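Here is how names work: the chains are called A, B, and so on, in the same order as the sequence lines, proteins then strands, and each is numbered from 1. What you see is a predicted model; the values in this text were computed from it and never measured.
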There are 2 protein chains.
Amino acid sequence: MAIMGLLFYIPMSGYDLRKAFSATSLKHFSSSPGAIYPALRRIEAAALIQGKIERQNTLRPRKVYTLTSVGMAAFKERLSQSVTLDDIMWRMDELMLRFSFMYELLGKERTLKFLEEFSSATGSHIQALEKEYKLMNKNVSFGGPRAFEHGIEVYRSTVHWAKKVIREIQKKGELK
Amino acid sequence: MAIMGLLFYIPMSGYDLRKAFSATSLKHFSSSPGAIYPALRRIEAAALIQGKIERQNTLRPRKVYTLTSVGMAAFKERLSQSVTLDDIMWRMDELMLRFSFMYELLGKERTLKFLEEFSSATGSHIQALEKEYKLMNKNVSFGGPRAFEHGIEVYRSTVHWAKKVIREIQKKGELK
DNA sequence: AATTTCATGTAACCAGTTACATGATTCA
DNA sequence: TGAATCATGTAACTGGTTACATGAAATT
C-alpha cells in the first residue's frame with residue numbers, strides 16, 4: 001500500500017522508495033532492501049506496477065516503477081473498502097495510509113464517508129473495550145487495568161482527531 | 001514478554017496461554033498454536049521457564065510451565081531497562097506490557113521512574129514530530145499532514161495518560 | 001450418539017531482518 | 001585518492017499464519 005501510494009505521486013526506483021521510507025514520516029514502514037526489492041517484484045508480477053530501466057547506457061541502471069492502470073484501479077478499490085472492526089484493531093497504520101491518499105484519489109464525499117465510518121467503528125470499539133474494562137478483575141494487578149485505560153484513551157483521541165478532520169473538510173466545502 | 005508475564009502470576013499450559021491471549025485484553029498478541037508452542041520451547045530452551053507434565057497417568061498430558069528463577073531475573077531485568085526512543089517508536093506494545101507487570105514486581109518508586117522516563121521520552125519525540133511537521137510540504141496532499149497530526153495526537157494522549165497515572169501512584173503513597 | 005472442548009503439536013507458506021556482495025559515480 | 005553515495009540485489013535466519021492431525025474427555 002505504501003509503495004503504491006508513493007508511486008501514485010511520482011514514479012520512483014527501489015532506492016528512492018527506500019530513501020522515502022527512511023527519511024519521511026513513513027519511516028515506520030520498513031526500508032530494508034530485503035523488504036523493498038522483493039516487494040517490488042511481487043507487485044510487478046501482479047501487474048500493479050511496471051518498472052522501466054533508465055539510462056542502461058550509462059552502466060548504472062536505475063529501475064523506475066510506475067503505477068499501471070490495473071494498479072491504480074486496485075489501489076482505488078482498496079481505498080474504497082469500508083472500515084471493519086478488524087481494520088481498527090489490527091491495521092490502524094494501513095487505515096491512516098489509506099486516508100492519506102484518499103482525498104486526492106476519491107474526493108471529498110468519499111473521504112467524509114470513510115471518516116464517518118472510521119469514527120463510528122472506533123467509537124463502538126471503545127464501547128466494547130469499556131464493557132470489558134468493567135468486567136475486568138482489577139485486583140490482580142495495578143498496571144494491567146491502567147495499560148488497558150491507555151488503549152481506550154488512544155482510541156478516544158483517534159475519534160477526536162477524526163471528528164476534527166470531518167469538520168475541517170466540511171468547512172473546505174463552504175469556502176468553495 | 002507476554003508469556004512470561006502471565007506465567008509470573010500463574011503457571012499455565014500452552015493451551016491456557018492461548019485462551020488467555022484470545023480471551024483477555026492481551027488478544028492483540030498472537031494466540032495461534034504455531035506461535036505459542038514453538039515460543040514455549042524456545043523460552044524453555046533458554047531456561048527461562050520450565051514445563052512439567054501433569055497427570056501423565058490420565059492419558060491426556062498437560063504441560064504446565066513455570067517461571068524459573070533465571071526467568072524471573074531476566075524478566076525483572078527487562079522491566080528495569082530504561083525507555084529508549086526506539087521503544088517509543090517501535091515497541092509501544094511492549095512498553096505497555098512492561099508497565100503492566102511493573103508495580104507488583106519492581107514497586108512504586110521504580111514504576112514512577114519508568115513513567116517519568118516514558119513521558120519525557122514521548123514528549124521529546126512529540127517535539128521532534130512537530131518540528132518535522134513544520135518542515136513538511138503540506139501542498140502535496142490533504143490527507144498526509146492530517147494523518148501525521150493523528151500520530152502526534154495519539155502520542156499526546158499517551159503523555160496525558162502517563163501523567164495521570166503518575167499522580168495516581170503518588171496519591172496511593174499519601175494514603176498509606 | 002454427536003458435538004464441543006481439552007490439549008499438543010507439525011508443515012507449508014510467507015515475509016521481514018541483518019549482513020553481505022557488487023560496482024559505478026560523485027565529492028572532499 | 002579515498003570516502004560517501006548511488007543502486008540493485010542475494011542469503012541465512014527468524015518467526016508468524018493458516019490449515020491440518022490426533023485423540024481423549026465432557027457436554028448435550
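In this entry the distance linking OH of B:Y65 with C1' of C:dG9 reads 10 Å, nearest Å. For the pair B:I43 CD1 and D:dG16 C1', the computed distance is 14 Å after rounding to whole Å. Between the CZ atom of A:R18 and the P atom of D:dC6 there is a distance of 11 Å, given to the nearest Å. One can place NE2 of A:H28 at 14 Å from P of C:dG16, the figure rounded to the nearest angstrom. Between B:F21 atom CZ and C:dA7 atom C1' the separation is 17 Å, expressed in whole Å. To the nearest angstrom, P of D:dT5 lies 16 Å from CG of A:D16. Here the C1' atom of nucleotide D:dA7 and the CG atom of A:L40 are 13 Å apart, to the nearest Å. Atoms CD1 (B:I36) and C1' (D:dT17) sit 13 Å apart, rounded to a whole Å.
Taking the six-membered ring where the residue is Trp, the centroids of A:Y9 and A:F101 are separated by under 6.0 Å.
Look at A:S32 and you'll find a side-chain N or O under 4.0 angstrom from OP1 or OP2 of C:dT17. Between B:R41 and C:dT10, a side-chain N or O to OP1/OP2 separation shorter than 4.0 Å is present. Checking the phosphate oxygens (OP1, OP2) of C:dT8, a side-chain nitrogen or oxygen of B:Y37 falls inside 4.0 Å. Distances shown here put a side-chain N or O of B:Y15 below 4.0 Å from the OP1 or OP2 atom of C:dC6.
When each of C:dT8, D:dG15, C:dG16 is scored by its nearest atom to the side-chain atoms of B:R42, the top-ranked nucleotide is D:dG15. Residue A:P33 places its side chain closer to C:dA19 than to any other of D:dT18, C:dA19, C:dC6. Nearest to the side-chain atoms of A:K19 among the listed nucleotides D:dG15, C:dC6, D:dC6 stands D:dC6. Distances were taken from every side-chain heavy atom of B:S30 (C-beta onward) to each of D:dT8, D:dT17, D:dA19; the shortest belongs to D:dT17. Here the nucleotide nearest the side chain of B:A35, chosen from D:dG16, D:dC6, D:dG9, is D:dG16. Closest to the A:R62 side chain, of the nucleotides D:dG16, D:dT18, D:dA7, is D:dA7. Distances were taken from every side-chain heavy atom of A:S13 (C-beta onward) to each of C:dT5, D:dT8, D:dT18; the shortest belongs to D:dT8.
No donor-acceptor contact under 3.5 angstrom links the side chains of B:S157 and A:R156, judged on distance only. Looking at B:Y65 and B:Q50, their side chains never bring a donor and an acceptor atom within 3.5 Å of each other.
The aromatic rings of A:F29 and A:F21 sit tilted relative to each other, their planes meeting at an angle between 30° and 60°.
Residue B:G34 is the one, among A:A39 and B:G34, whose nearest nucleotide of DNA chain C lies closer to the 5' end (criterion: closest heavy atom).
Both tests do not hold together for A:K113 against A:F118: distance to the six-membered ring centre under 6.0 Å, angle to the ring axis within 45°.
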